[in-house]
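Please read these numbers as outputs of a predicted model, since none were measured by experiment.
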Amino acid sequence: MAEDITPQKKKTVEIPAELSVRELADLIKTTPVEVIKQLMRKGVMANINQIIGYDTAAAVATALGYEPRPKTIKPGASTIAIGEIKKKTPVSKAGLKTRPPVVTIMGHVDHGKTTLLDAIRHSNVAAGEVGSITQHIGAYQVEFKGQKITFLDTPGHEAFTAMRARGAQVTDITVLVVAADDGVMPQTIEAISHAKAAGVPIIVAINKIDKPGANPENVKRQLAEAGLLIEEWGGESLSVPVSAKTGAGIVDLLESILLVAEMEEITADPSKPASGVIIESRLDRSRGPLATALILNGTLREGNIVVADTTWGKVKAMFNDTGKQIRRAPPATPVVILGLHEVPPAGAILRSVSDERQVKALIQKQEEGKRASRPLTLTTISSQIASGEIKELNLIIKADVQGSLEAIRNSLEKLSTERTRTRILHSASGSVTENDVMLAMASKALILAFNTSVDPAARHLADSEGVDIRQYDIIYQLIDDVTKALQGMLEPKETEVILGRATVRAAFPGTKRTTVAGVYVNEGKIERGARARVIRKGQTVVDSVITSLRRFKEDVREASAGYECGVVIQNFNNVQVGDLLESYKKVKT
């Protein structure tokens, strides 16, 4: 046993005479944050690209369990070999320059997100500018220590994920706000799941430290239980205590953002044609369609032709976050654009093109892509795993109680192998919500619901966007389906697709001793020959087939939303005013 802990077992590492903090982290297989932390303990303040000498680097390596040795230079070798990693500049990076990071602030509704955004914004502007900068355009920039930071002023993780669902990965860094007196809440856990699914670094701002009941250590413990480890607890996420009310810690938070941005090496090429994303848009009565865009690469100029989703136009004017008209918008600049023909949807990709021929080609390509996109189901994923196309199964799990949730999580995590693995993006007790569906859309995930319901709005969105929601009431069936999918053996399964819903407004006798339900179609459509269930006070009273469908005494094949029609349900004559009629079909998925 003594041999297992002898000094000879230490890993040796050859360190050159000088190297950068990042290069040292790569050599000793750790994160730059860990290296910077060790340097700070030794009284050395260094950023990720700063050059340090052998003695300093060796001390860090020793502290992290390595035995440092000077890197020897072979006779006749060029002295450039000492720092060869540092000297290399990949050709692919030509034209790239560091751009400001784009930051989204997320967290529970009452934990001070808006107050923190205001504190950051107002601490950066002169008193005379406050009035003009507060006009809401969805994003704004601040300047700190000579460097710019762009903040997305979104309603929360719903908008963050909605943009990802449309293909726009906008955020570079997420700041998670958690109140020190309240701790981790359900929305906090949702925000963590959404940020992790996006693969962006998280900085935790522990807010309200000025309040009497503040307990930052308890917040850190709760974050660890939720799967987010902060740096001092052995994780990678920085945490900063702040008070949005008093302004305490705001400087530390901005410094942390710049540190993480430096480690992420966020770059863009300002010489290229502009590309970005629509943050929000509206129709102005006097000026027409207005769109707030965040330019992510290239530079947008007044007069450029731009395409966003299926609309386009020439940039007639641009305004920055203070309302000032500008003629050019470099990377990471939020800007209001005037000149589009129609209002584009939030999350649409914005591209600058050279002429109208490119406009038509780009719009046609996007429309074809939408038509060609196929729903992502457990069965299609199973076939993709079997063919080797994918090796990871993204899952969102909702269950009736926490105990069921833990049992399902533990069972699914054990299914991962060297060839395929499960990745649980989010898990919580409660019904399946629109927010769950949006996360599934953005991350190409499946939703597994155990002993819980699906909100009508979530079901409608899932059906329209092709998100697979699998409902189970027996755990082993859920585990069995996922196991077969990972093995590429899952057979197609019959699932329900809701066609439409209607409300019974009248009931009267029909021919051949039938009862006709006079209904108003609320959403979707009602089809003759489709299956239908009659729901009364939340309970299904019959599940049968629509045998007759008439409008103004004429037989019709279907009736769409907004129309009235007469419906006869096979073998059911007890329909009542106020009943809900739900039409559906079964398909194999």
Side-chain angles (χ1 to χ4, degrees), residues 1-74 77 79-88 173 192 195-196 199-204 206 216-217 219-241 252 255-265 413-414 416-418 421 423:
M1 292 293 292
E3 290 183 358
D4 292 335
I5 55 173
T6 51
Q8 285 79 1
K9 287 289 180 181
K10 272 191 174 183
K11 295 179 182 177
T12 60
V13 58
E14 288 192 343
I15 300 175
E18 57 177 26
L19 75 172
S20 71
V21 169
R22 176 179 284 281
E23 289 166 5
L24 177 59
D26 291 339
L27 278 177
I28 59 180
K29 296 179 174 58
T30 188
T31 64
V33 170
E34 183 61 35
V35 173
I36 291 171
K37 185 165 66 176
Q38 292 295 333
L39 289 170
M40 289 173 66
R41 288 174 179 168
K42 299 179 187 307
V44 178
M45 301 301 293
N47 61 42
I48 193 170
N49 294 315
Q50 192 162 325
I51 304 301
I52 55 177
Y54 171 80
D55 291 340
T56 304
V60 171
T62 302
L64 294 175
Y66 284 82
E67 184 179 327
R69 293 179 183 175
K71 186 171 183 178
T72 56
I73 306 172
K74 295 178 181 179
T79 53
I80 295 177
I82 296 175
E84 60 185 351
I85 300 175
K86 181 180 62 183
K87 300 292 182 182
K88 289 180 181 178
I173 300 167
I192 292 170
K196 282 186 172 182
V200 296
I202 301 171
I203 298 173
V204 181
I206 303 177
E217 292 305 312
V219 170
K220 296 172 186 177
R221 179 185 60 78
Q222 291 177 338
L223 287 170
E225 291 172 355
L228 181 67
L229 283 176
I230 63 168
E231 187 188 21
E232 61 189 85
W233 283 45
E236 296 184 355
S237 296
L238 299 177
S239 70
V240 184
D252 294 336
E255 284 180 342
S256 297
I257 290 171
L258 291 179
L259 172 63
V260 172
E262 191 174 17
M263 289 190 293
E264 292 295 305
E265 295 184 337
E413 285 168 352
K414 292 175 183 176
S416 297
T417 65
E418 290 184 5
R421 75 182 187 98
R423 183 187 177 206

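For Lys196, there are no side chain to side chain donor-acceptor pair (under 3.5 Å) partners two or more places apart in sequence or in a different chain. The side-chain contact (heavy atoms from CB on, under 4.5 Å) check on Arg221 picks up Asn218, Glu225, Trp233, with sequence neighbours excluded. Residues meeting the side-chain contact (heavy atoms from CB on, under 4.5 Å) test with Ala59, sequence neighbours left out: Lys42. The side-chain contact (heavy atoms from CB on, under 4.5 Å) check on Pro201 picks up Ile173, Val260, Glu264, with sequence neighbours excluded. Qualifying salt bridge (charged side-chain N to carboxylate O under 4.0 Å, His left out) partners for Glu255, counting only residues two or more places apart in sequence or in other chains: Lys145. For Thr30, the side-chain contact (heavy atoms from CB on, under 4.5 Å) partners at least two apart in sequence or on another chain are Ala25, Ile28, Glu34, Val35, Leu64. With sequence neighbours excluded, the residues forming a side chain to side chain donor-acceptor pair (under 3.5 Å) with Glu413 are Arg409, listed by chain and number.
For the pair Ala224 and Leu229, the tightest heavy-atom approach, listed with the atom from each and the gap, is CB-CD2, 3.7 Å.
Considering only heavy atoms from C-beta on, Leu238 stays 4.5 Å or farther from Val204 through its side chain. The side-chain heavy atoms of Leu228 and Ser237, taken from C-beta on, include a pair separated by under 4.5 Å. Looking at heavy atoms from C-beta onward, Thr62 lies in side-chain contact with Pro68 at the 4.5 angstrom threshold. Counting only heavy atoms from C-beta outward, the side chains of Tyr54 and Pro16 never approach each other to under 4.5 Å. A heavy-atom distance below 4.5 Å is found between the side chains of Arg22 and Glu265.
Expressed to the nearest 0.5 Å, how far OG of Ser239 lies from NZ of Lys220 amounts to 4.5 Å. The CD atom of Glu14 lies 14.0 Å from the OH atom of Tyr66; values are rounded to the nearest 0.5 Å. Within the model, atoms CG of Leu258 and CE of Met263 stand 11.0 Å from one another, a figure rounded to the nearest 0.5 Å. How far CD of Glu67 is from NZ of Lys11: 13.5 Å, rounded to the nearest 0.5 Å.
At most 12 non-hydrogen atoms from other residues, nucleotides or ligands lie less than 6.0 angstrom from CD of Glu236.
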Worked check of side chain to side chain contact (heavy atoms under 4.5 Å, CB included) between Ile51 and Leu19: CA-CA 5 Å; Ile51 304 301; Leu19 75 172; over 6 Å; no
Audit row: Leu223, Ile230, side chain to side chain contact (heavy atoms under 4.5 Å, CB included) steps and yes/no: CA-CA 8 Å; Leu223 287 170; Ile230 63 168; 4.3 Å; yes
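In this structure, the side chain of Arg69 does not engage the main chain of Ile15 through any donor-acceptor pair within 3.5 Å. In this structure, the side chain of Glu23 engages the main chain of Ser20 through a donor-acceptor pair within 3.5 Å.
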